[in-house]
Amino acid sequence: MTDTAAAAPKKKLFLLDAFALIYRSHFAFSKNPRINSKGMNTGAVLGFTNTLVEVLQKEKPTHIGVCFDSAKKTFRHEQYAEYKAQRQAMPEDIGIALPYIKKIIEGFHIPILKMDGYEADDVIGTLAQKAEKEGFEVFMMTPDKDYCQLVTENIKIYRPAFMGNAAEILDVAHVLARFEIERVEQVIDILGLQGDASDNIPGIPGIGEKTAKTLIQKYGSVENLIANTDQLKGKQQENVRNFAEQGLMSKELATIHVNVPLDFEADKLVLDAPDEATLRELFEELEFRQLAARVLSGGGPQRTPAGVAAPGSKPTRRPKLVAGDQATLFGDAAVASGAEEGETGHYGAPSGPRKRLEDVPYQYHMMDTPELRKSLLSFLLQQTEVSFDTETTGLDIMTARLVGLSFCWLPGEAYYVPVPTEDPAAVQGIVEEFCPFFEAAHILKIGQNIKYDLTILRHYGVEVSGQLFDTMLAHYLIEPDMRHNMDVLAETYLHYSPVSITELIGPKGKKQKTMADIPPAEVKDYACEDADVTLQLKHVFEPMLRDLGLLGLLNDVENPLVPVLSSIEYEGVRIDSEAMTEYSAELQGYITELETQIFREAGQEFNIGSPKQLGEVLFDKMDIGKGKIKKTKTGQYATGEEILSQLATDNPIAALILEYRQLTKLRSTYVEALPQLVNEADGRVHTSFNQAVTATGRLSSTNPNLQNIPIRTEKGREIRKAFVPRDDQHVLLAADYSQVELRIMADFSGDATMIEAFRLGQDIHNSTASKVFKVPLDQVDSEMRRKAKTVNFGIIYGISAFGLAQRIGISRKEATEIIETYFQEFPSVKQFMDESINRARELEYAETLLKRRRYLRDINSRNATLRGYTERNAINAPIQGTAADIIKMAMINIYHWLREEKLQTRMILQVHDELVFDAVQEEVAYITPKIKELMTTALLLPRGVPLEVEVGTGRNWLQAH
DNA sequence: CCTGGGCG
DNA sequence: CGCCCAGG
């Protein structure tokens, strides 16, 4: 009442939640610790002070106070012994920072408020309400969402500013929208239901954010929910009933108590002029030169503008050319913030509409002069992890040209380096400027689908070194069967919609522009945003992966595999196009001949390739295959291989059609298609390996798919003759695991008979045949072996009698018998299969040797077909996935060995259990045993079943087998 | 069981 | 989009 602020229309009181702000500052800098020359980590002090200064300068409060939690136990501990029990001890760096922070607050002549037995939020809440009554506009400065319950018309939350942009002020409307509630008080009902892990508030089990909102929307309060427990269903009802007490207590714990016995003495909180001498001394000691310059009159070094403003760039801030006491290039206004926990990131609330670039504070900088690039590089080299992205003219790796590079190491602040695409020499020069960064072994490089960027850079002669972190692969391990493109990830995990590429270059089609057609100033935001979002995703995914126990798989397998695949794709496989053309003509000869024969048999000409026409000709007109006719789901005649081969014995036309199909398939899919994909510059095809599509962990290959080149039939194998070494000095070397999946099965099940067979190096299919058909090994004939082989594969696939019968062309009954005998002979295999299913039922996922998961949420389905299918997956996924784990490890080890030994042999293909190399002839003798060794020892199976690898070489891929 | 591509 | 078929 004593203050005479008649000039100000409204008195503005700021109450700072000190610990919350300090912790936030500390963790914001923890990835890029800021250490001064005395070795002190000054991140927390700097972040806090920046926040304070910013609010003083921007918001010009009339009154201000800083609240600390009291060191003593609070009434909440008496209420609930576990309260905040699991909260870790204060980091040492914060302990050291605290005295400095207190001195700085005193230097600003700002009172420190605390009350024994109460927490900062209680103190702030009490003071805020008292101040409101006295006509103040109150801002509670905190990142903590619990304060939302206190918001009124005159009491708001002030979320700390970010990177010098406007801070976020949360008013009543914000709070209601964010929690999807009607009254502000309901915040505590939400918090009481969902709990808060960081404060160890238990909540009610099974109720998270989503459910809490729905329930409160329906019932209004925790009390009313409990009163209406009978309206709930199933597990939820059970939980609410059993944990009603706990829910009420949680609500109580989440409630901020506004009755702290404390007087509001406005005159003590009046903002005063700072004690410049004290502050100067402190800033000096801490080496906060920028801050001193900004806060103290005439003190500290002046910021000198540097560089020329780029056309289109906002002339708001100019970079410093030397690395000073800030972690960012333009960091003089940097305020600690970030998305360390995903949910509290500046990209905002976990629900509600997706934010877009225009909704968030950001600073994206154009770095388009030699000086700016030099400055950027010097900052890059000081980082320990940087996210980067390349912008190119297209997605085709062989023809795409670089348009620009973006970099980001602090959320919200990124840098874009455009390159003059039309001047290749200049582009090369700029790319090379950044070599010291790309080749820095100590900097972790983060990217989304970083293989693409690596391959692009490889085309400019840059080999990226240092650890990699690919957010696409990170998410592939978290949710293997979801999509992993960046836009979806940003929406799901950051609640943010990035600028879409179509907004920039227009919709798909002829008129679509490329990135090179867009002015760099417009590409800048898009490019920077990509790097920024990727960095933030990394910060979300890393802790998730750690919790799931998948961080090792990512860091030891998936991420290190990226450069290996990039290299494989870059090298490519040489195709003998001439041989292909010749073979095409030869095939065409056969095909024409077959056509005339088929038309002769049918008595008419028709499109043999159309299942519809074919069905009509065969079954209506020719009226063949009585009793064997089947229809597909869509009502058409089935004309698949299975049907046709049954008809083939009596009807020559069926056999001809089968052969026709085979040959036309060979022609269209391989012989005609492959030469089209040969890169003219080097005569090779460059497939792309997708590392994040299969549910089991395998790779897949596209454009072209080099993992399904024919081998089983005579005419198909011919195609492999066109896969040749790069020149006369090279040969193709193929290294195959023999029966990896069966060996894994033997090992996992611990079946003594099977393990023995592998230990003795026996032919596993013969040995299985001998057991299943109960004949001595030397009496197994080729038919028995063939059947046994199918059974063995069936086992890996989680066998069904139905499937087996179809495969070997025997009756269901016979198949069932074979399976029964098999399980009698290999009881541990049966046991293993049962255990796999049971384990999957419990966990709802299956896992490989390296803990790779495949979620099997349908394994408890009541739909028997669906459940059966999922059960087979429960058996197959760990086996197929472990085989994938093994060969991935082998690839990484071989790649590094070849590099270390400076060998010229290159890995050029992976086909699930086979690696193909373009091998220098003189190196073959040296590398063969080593490749064998690295493949067989890539991963050791738990029970020690040995892996075996066969190596062959030749003038083409066929010979190499 | 796991894939990708061509065709109608 | 379903079918068919190439590979593992």
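Here is the naming used below: chain letters follow the sequence lines, and residue numbers restart at 1 for every chain. Because only heavy atoms are used, hydrogens play no part in the values below, and waters and symmetry mates are left out as well, while side chains stay in.
As a whole-Å value, the separation of A:Lys715 NZ from C:dA6 P is 13 Å. Distance A:Arg667 CZ to C:dC5 P: 16 Å, rounded to the nearest Å. Put simply, NE2 on A:His912 is 11 Å from C1' on C:dA6, counting in whole angstrom units. Atom CD in A:Glu672 sits roughly 16 Å away from atom P in C:dA6 (whole-Å rounding). As a whole-Å value, the separation of A:Phe689 CZ from C:dG8 C1' is 13 Å. In this structure, A:Ile657 places its CD1 atom 16 Å from C1' of C:dC5, rounding to the nearest Å. Atom pair A:Lys665:NZ and C:dC4:P shows a separation of 12 Å (rounding to whole Å applied). Separating the CG atom of A:Leu706 from the P atom of C:dG7 is a distance of 14 Å, rounded to the nearest angstrom.
A:Glu914 comes within 4.0 angstrom of no nucleic acid atom, judged by non-hydrogen atoms across all strands. Note on A:Asn708: a base of the nucleic acid sits closer than 4.0 angstrom, heavy atoms only. Looking at heavy-atom distances under 4.0 Å, A:Arg712 makes contact with a base. As judged by a 4.0 angstrom heavy-atom cut-off over every strand, A:Arg717 is placed among residues making no nucleic acid contact. Residue A:Ile711 is classed as a sugar-phosphate contact, given heavy-atom separations below 4.0 Å to backbone atoms only. Counting any heavy atom pair closer than 4.0 Å across all strands shown, A:Ile796 reaches no nucleic acid atom. Within 4.0 Å of A:Ser701, counting heavy atoms only, lie sugar-phosphate atoms of the nucleic acid but no base atom.
The stretch residues 850-894 of chain A participates, sequence neighbours left out, in these ring pair (Phe, Tyr, Trp, His ring centres under 6.0 Å) pairs: A:Tyr845-A:Tyr855.
Scored by the side chain to side chain contact (heavy atoms under 4.5 Å, CB included) test, A:Glu844 finds A:Arg857, A:Asn860 as partners (sequence neighbours excluded). Residues that satisfy the side-chain hydrogen bond (donor to acceptor under 3.5 Å, both in side chains) test with A:Thr694, not counting sequence neighbours, are A:Tyr476. Among residues two or more places apart in sequence or in another chain, the salt bridge (Lys or Arg N to Asp or Glu O under 4.0 Å) test is passed with A:Arg717 by none. Checked against side-chain hydrogen bond (donor to acceptor under 3.5 Å, both in side chains), A:Tyr737 has no partners two or more places apart in sequence or in another chain. Checked against salt bridge (Lys or Arg N to Asp or Glu O under 4.0 Å), A:Arg906 has the following partners two or more places apart in sequence or in another chain: A:Glu571. Under the side-chain hydrogen bond (donor to acceptor under 3.5 Å, both in side chains) criterion, A:Asp396 pairs with A:Thr399, sequence neighbours left out. The side-chain hydrogen bond (donor to acceptor under 3.5 Å, both in side chains) test applied to A:Glu847 returns A:Arg839, not counting sequence neighbours.
The side chain of A:Arg698 contributes no N or O atom lying less than 4.0 Å from OP1 or OP2 of C:dG8.
The stretch residues 867-895 of chain A touches DNA chain B through A:Tyr869, A:Arg872, A:Asn873, A:Asn876, A:Gln880, each having a heavy atom within less than 4.0 Å of the strand. The stretch residues 833-848 of chain A has no heavy atom under 4.0 angstrom from DNA chain C at all.
Side-chain atoms of A:Gln448 come within 3.5 Å of backbone N or O of A:His484 as a donor-acceptor pair.
The nucleotide range of DNA chain B contacted by chain A, defined by atoms under 4.0 angstrom from heavy atoms of the protein and reported 5' to 3', is B:dC1 to B:dG8.
A:Asp747 has no carboxylate O lying under 4.0 Å from a charged side-chain N of A:Arg743, or vice versa, which leaves the two without a salt bridge.
In summary, the side chains of A:Ser584 and A:Glu672 do present a donor paired with an acceptor at a separation below 3.5 Å, with no hydrogens or angles considered.
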Indicate every side-chain donor-acceptor pair of residues 817-824 of chain A with a distance under 3.5 Å to a residue at least two apart or in another chain.
unit_1	atom_1	unit_2	atom_2	d
A:Thr821	OG1	A:Glu817	O	2.7

